[in-house]
Every structure is written in C-alpha cells, then in structure tokens.
> 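The structure that follows is given in the form of structure tokens.
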Amino acid sequence: MNDTFSLYRQAFASRMLLGTARYNSPRILQQAVEAAQPAMLTVSVRRQTQAGQTDSGQPFWQLLQTLGVPLLPNTAGCHSVQEAITTAEMARELFDTPLIKLEVIGDDDTLQPDPFGLVEAAAYLVKAGFKVLPYCTDDLVLCRRLLDAGCEVLMPWAAPIGTGQGPRNPGALQTLRQRFADVPLIVDAGLGLPSHAAQVMEWGFDGVLLNTAVARAVDPVRMAGAFAAGVRAGRDAWLAGPMPAQLQAAPSTPVLGTPFWHQQPAQPSLAEVRAWP
C-alpha cells in the first residue's frame, strides 16, 4: 500500500516533526534527532541571525546543517500579524525555503493562537509565495478560514503548548479529521506521551509535531525513539482498520465444535427476585 506523507507536494519518509528548543545540550539534540529520524526540524528564527554570524548562533546553525534533516522555520513568539510576517520573510531569506510554520499568539497564559491575526497573516503569506503550516486550535470554523486563505496543511493543537496533557478535546479533533478528510492534519502542541501520539494517529491524523515532551524528558533520546515508534504504530493501526468498539462481550474462540456446551443459567423472574428473603 502506498502510504506517502506529503506536504505541499514534498514527500517525507517520517510522519513525526521535531522541535529543536529546550534541549540540555546540542549533543542531546543531535542524538534525539538520530533516534527519531523526523521528517522536519522546526527552528525559531529568533534563535538565529543572518547566516549565523554571531558567536552564540554559529554552533547551533552548524549543527542544523550537519543533521541533514529538512528545516521548518517558525514564527514562535510573535504576537501580531506584522511581527509574524516580518519573521517569516526573515526565515525565507535565512533558510532559503518557502515553508513556514505560522504562529500568531493571542494569549500569554495559554499561548492560544489569535484566530483573527492568524487568518490575516496566513492570507498575506500565501499571496507572497509562502507554503504556510498554521498552528491553530481545533476550532472547525477557524480551520475552514485558514483553508480558504490558501493553507494546504493545518496544525491543530491537542492541548496548550508544553502542557503534555494529551488530547483535551477528542471530539473536536475527530470532527476536523472527518470534515477535512483530504487535508493533511498534523497535531501540534500538548502531546506528552508516545501513547498520545499513537492515539491521534489511530484517529487518522497525518502526523505529529513534538518538542517539549522529548526535550524535557529524563532521557530525551530514548523518548524520541519511543515517540517515533508510537507514531508508526498508530499509523499502522489506522491503515489496518481497527475493530469497532462494542458493549457486549464476544468470544474470541468459536464455541461451535467445542467438546462441552455450557448452557447459561436461566435468569430469575421479577416475581422470584421479589420473593427472595
């Protein structure tokens, strides 16, 4: 079966995207990337300067180049449309890619995206030739507006960034999957365990993006590998076609042909129950 993961007509071997922030050392980041084998690495433009000229940015920039993984710059930390647009334009010049993970934050406590600013910025960037991957909530109408603006990929959250809570609103996420069956959907933010990643992949999502759950684990390298395995398991389960859940038990071994037949005892009548002492 052909199960290609494609974003903006670019194919990837993995369905896991990995962030590059908050690791304790560049060495741990490198080992986590090697364990996860992600499709792309997200990188904040704010951590870089043009061509990595500063002493603080040069080693990190060199490390990204040696990893050999496609980069997805993002507009992390932007709180206004203009700030996000300016950051995206810087990213395109610095990383020589039209791909951009678009973030326009509307609330400092929850880091929830600003839905109005997000749509406005997305529409501008699409017209400017960017391939936009918007970080959004699981709101159906917002997602439709982003598609109308020209986005070909959506990145709804499972829970607020960095919380590790897992999917807080399964119904909304599953509704998005059903309503936008042909749109690549990547769950971004809020996943804390490999089982969370497997769960959303079992629902038919196309990929996940992780950062904090890996970077802040006691053993980030092992956790990166565990998440990669969870993503693959969830995708395989979706393709295999999970059995439907049911309320009544069903024997896994057929009873026909068994040497003994156990007849179920007759249920007492209501009159017999009432007559019990």
Side-chain angles (χ1 to χ4, degrees), residues 7-8 17-22 40-47 72-92 98-128 130-177 179-180 183-192 196-197 200 205-213:
L7 301 174
Y8 285 102
L17 285 70
L18 188 64
T20 57
R22 303 190 68 183
M40 287 191 283
L41 294 173
T42 61
V43 56
S44 171
V45 178
R46 295 173 180 273
R47 296 185 59 182
L72 175 62
N74 67 33
T75 63
C78 292
H79 286 73
S80 70
V81 173
Q82 188 56 55
E83 187 179 8
I85 290 173
T86 301
T87 303
E89 291 171 339
M90 291 172 54
R92 181 161 60 178
L99 291 169
I100 190 73
K101 178 191 171 187
L102 178 61
E103 297 184 26
V104 183
I105 301 301
D107 181 76
D108 288 331
D109 292 330
T110 63
L111 299 180
Q112 180 171 326
D114 172 2
F116 307 102
L118 186 63
V119 173
E120 182 180 348
Y124 179 94
L125 292 173
V126 168
K127 291 180 180 178
F130 284 88
K131 299 177 179 179
V132 180
L133 291 82
Y135 162 63
C136 57
T137 62
D138 52 23
D139 182 88
L140 177 65
V141 177
L142 168 60
C143 289
R144 184 180 293 115
R145 295 291 181 267
L146 289 168
L147 295 175
D148 292 342
C151 298
E152 297 183 17
V153 181
L154 298 174
M155 303 183 74
W157 71 356
I161 294 174
T163 62
Q165 297 176 6
R168 291 205 308 181
N169 195 345
L173 286 175
Q174 290 172 305
T175 297
L176 290 183
R177 180 69 287 173
R179 296 290 292 272
F180 304 128
V183 177
L185 300 179
I186 300 171
V187 175
D188 177 15
L191 300 179
H196 295 156
V200 298
F205 280 83
D206 298 282
V208 301
L209 194 157
L210 307 155
N211 193 160
T212 308

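The chain is numbered in sequence order, starting from 1.
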> Quick one: CG on Leu72 to CG on Leu209, what's the gap to the nearest 0.5 Å?
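CG of Leu209 is found 7.5 Å from CG of Leu72.
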> Do you know the tightest heavy-atom contact between Thr163 and Gly190?
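Thr163 and Gly190 have their closest heavy atoms at OG1-CA, 4.1 Å.
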> How many angstroms lie between CG in Asn74 and CG in Asn211, if you round to the nearest 0.5 Å?
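So the gap between those two atoms works out to 9.0 Å.
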> Just checking, is any N or O donor in the side chain of Thr86 or Gln82 under 3.5 Å from an acceptor N or O on the other one?
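Thr86 vs Gln82: donor-acceptor pair found between side chains.
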> May I ask you to decide if Pro73's main-chain N or O and Thr42's side chain share a donor-acceptor pair within less than 3.5 Å?
no
> Would you give the length of the straight line joining atom CD1 of Ile186 to atom CG of Leu154, rounded to the nearest 0.5 angstrom?
9.5 Å
> Is there side-chain contact between Lys101 and Leu17, with at least one heavy-atom pair below 4.5 Å?
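Lys101 does not reach Leu17 side chain to side chain.
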> Is the closest side-chain heavy-atom distance between Glu120 and Val104 below 4.5 Å?
no
> Considering residues, nucleotides and ligands other than Phe180, do more than 12 of their heavy atoms fall under 6.0 Å from its CZ?
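Atom CZ in Phe180 is crowded, with more than 12 foreign heavy atoms closer than 6.0 Å.
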> For a quick test of reading the model, state the closest non-hydrogen atom pair linking Pro167 to Leu173 and the distance between them.
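The pair with the smallest heavy-atom distance is CB-CD1, 4.0 Å.
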> Quick check: closest heavy atoms across Leu111 and Tyr135, and the distance to 0.1 Å?
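Heavy atoms only, the tightest pair is O-OH, 3.5 Å.
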> How close do Ala88 and Thr75 get, heavy atom to heavy atom, and via which atoms?
N-CG2, 4.0 Å
> If you take all heavy atoms of His196 and Gly192, which pair is closest and at what distance?
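Minimum heavy-atom separation between His196 and Gly192: ND1-N, 3.0 Å.
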> Only counting residues at least two apart or in another chain, list the ones meeting side-chain contact (heavy atoms from CB on, under 4.5 Å) with Phe116.
Asp114
> Might you point out which heavy atoms bring Tyr8 and Val153 nearest each other, and give the distance in Å?
CE1-CG2, 3.7 Å
> For Glu152, which residues count as a salt bridge (Lys or Arg N to Asp or Glu O under 4.0 Å) partner, sequence neighbours excluded?
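Glu152 satisfies salt bridge (Lys or Arg N to Asp or Glu O under 4.0 Å) with Arg9 only.
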> Would you give me the side-chain donor-acceptor pairs under 3.5 Å for residues 138-151, sequence neighbours excluded?
{"residue": "Asp139", "atom": "OD2", "partner": "Val141", "partner atom": "N", "Å": "3.1"}
{"residue": "Asp139", "atom": "OD2", "partner": "Leu142", "partner atom": "N", "Å": "2.8"}

